[in-house]
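This report refers to the structure that appears directly beneath it.
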Amino acid sequence: MVEEPEENVDSIDSLLSVDLPAVASGRMHRLPPYLFGRINALKLKLRREGNDVIDLGMGNPNDPTPKVVVDKLAEAAGIKRNQRYSVSQGVYNLRRDLARFYDRQYGVSLNPENEVIATLGSKEGFSHLCLATLGPGDVVLTPTPTFPIHVYGPVIAGANVIGVSLNDGEEALLRRMDEMCRTVSPRPKIVILNFPHNPTARTVELGFFEEIVQLAHRHGFYLVHDFAYGQTVFDGYRAPSLLQVPGAKEVAVETMTMSKGFNMAGWRIGFTVGNPDMVKLLGAIKGYYDYGIFQAVQIATVIALRNCEADMHAQAEIYQRRRDCLCDGLERAGWTVERPQASMFVWAKIPEPHAQMGSIEFAVECLAKAQVAVAPGRGFGEDGEGYLRIALVENEERLRQAVRQIRRAFPVA
Ligand SMILES: Cc1ncc(COP(=O)(O)O)c(C=O)c1O
């Protein structure tokens, strides 16, 4: 019997308490205090007491990986040559199939030899790319609120991060970034983007990427685009790849993951693609840190990329129906929510008369009174205050139940 692991919470779980052990390095002191301690402790306590907590806190897919992929893993795991160390950048066939996937999906041509690298999930690729490209004195810009690693990847690498608010929309974001590139010294080296966006679920059109690539060329910065939700799209919306912009590969890489679109979060496999210099640097640093992903996982991923596009679309439709179910329910309960066109999240404004409580307190009370776990917007930076991020990781019945419990606990006039 294998033990069930304890519940996890997003990447936020890796943030720290204020008192660090004396052995901690200086860089550990640059990481923020643990904002979610109370929420996690309470969730654990409620669960241990036998309560049925509906967990919409973390973007952890709850549906299964396509069966053909699991079957391929089982078959490949038994083959002796797959049990050895693999290659750090990923086997050639995997990189080639990822390139073909990009070509079919986005019309983007990638050379599997030097423009594609496999990573142990996209977050690992992103973090090591930060270490390979950033150091003390470097400046990074990223929209806020932010998925934590987009700030703390650069911070761990020693860089300074300047958050640029996304709350006034993409045009304002572009204007502010342009202005900062003229005024900030030293000039920003890397701009980190993430559309469809976590936590706000905002989406962009290709025109936005065209403008930011122009800015990158004009001001001499590089772009790293986290495309984790590129395959989780609704209502006919198609999320553009940044690499669709002509000339993007000269200045940009994109990180892609099997975790979300293909329900392979636990498998730990993703990719960094695009600019060959950045891909090369990432490969070089990874060569020191790891011996590659379990080869059987890589082989099974080839099957996912080749044969599971229909599963990917079907999964997106499941999220779309859940989005409608949650948004309909919250609207009936008196909340005003925007329906996202992509991602696994609804970014919901805390309604009056509960807004003054703040998002962390609301999330704690939501657990205590409604037994529903949600992520407080403040956990994604100050610009997330006043909002909750609700993950669509339970079925429609459970989402309806969650809304009923929230409605009862937090009546809106
Ligand atoms: C925006 C974003 N990037 C990256 C990740 C991590 O993806 P992976 O499982 O590929 O490391 C997540 C997971 O929640 C995410 O929301």
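All values below come from the heavy atoms of this structure, side chains included, with hydrogens, waters and symmetry mates left out. Counting starts at 1 for both ligands and their atoms, following the listed order.
Heavy-atom proximity to G121, at under 4.0 Å, picks out these atoms of ligand 1: 10 (O), 11 (O). Atoms of ligand 1 lying under 4.0 Å from at least one heavy atom of R268, given by number and element, are 8 (P), 9 (O), 11 (O). Heavy-atom contacts of S259 reach the following atoms of ligand 1: 8 (P), 9 (O), 10 (O) (cutoff under 4.0 Å).
The residue from K260, M264, E124 that puts a heavy atom closest to atom 14 (O) of ligand 1 is K260.
Contacts between A228 and ligand 1 below 4.0 angstrom, taking non-hydrogen atoms only, involve the side chain exclusively. Counting heavy atoms under 4.0 Å from ligand 1, residue Y229 touches it through the side chain alone.
Remark: D52 engages R398 in a salt bridge, criterion side-chain N to carboxylate O under 4.0 Å.
When only modelled atom types and interatomic distance are considered, Q315 and Q231 share no side-chain donor-acceptor pair under 3.5 Å. Defined by atom type and a distance below 3.5 Å, a donor-acceptor pair is missing between the side-chain atoms of W267 and T301.
In terms of polar-atom proximity, N194 is not counted as a contact of ligand 1, lacking any N or O under 3.5 Å from an N or O of the ligand. Among the atoms of H150, none of the N or O lies under 3.5 angstrom from an N or O of ligand 1. Close N/O approach between N198 and ligand 1 is found [any backbone or side-chain N/O within under 3.5 Å].
Aromatic ring orientation, F345 versus Y229: perpendicular (interplanar angle above 60°, classes split at 30° and 60°). Ring geometry, H225 versus F227: the interplanar angle falls from 30° to 60°, so the pair is classed tilted.
Not a single salt bridge (charged side-chain N to carboxylate O under 4.0 Å, His left out) links D383 to another residue, sequence neighbours left out.
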Which pairs would a plain distance check flag for residues 363-372, meaning a side-chain donor or acceptor within less than 3.5 Å of a matching protein atom at least two apart in sequence or in another chain?
unit_1	atom_1	unit_2	atom_2	d
E365	OE1	K369	NZ	2.9
Q371	NE2	N51	OD1	3.3

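By the 4.0 Å heavy-atom criterion, G270 is excluded from the residues contacting ligand 1.
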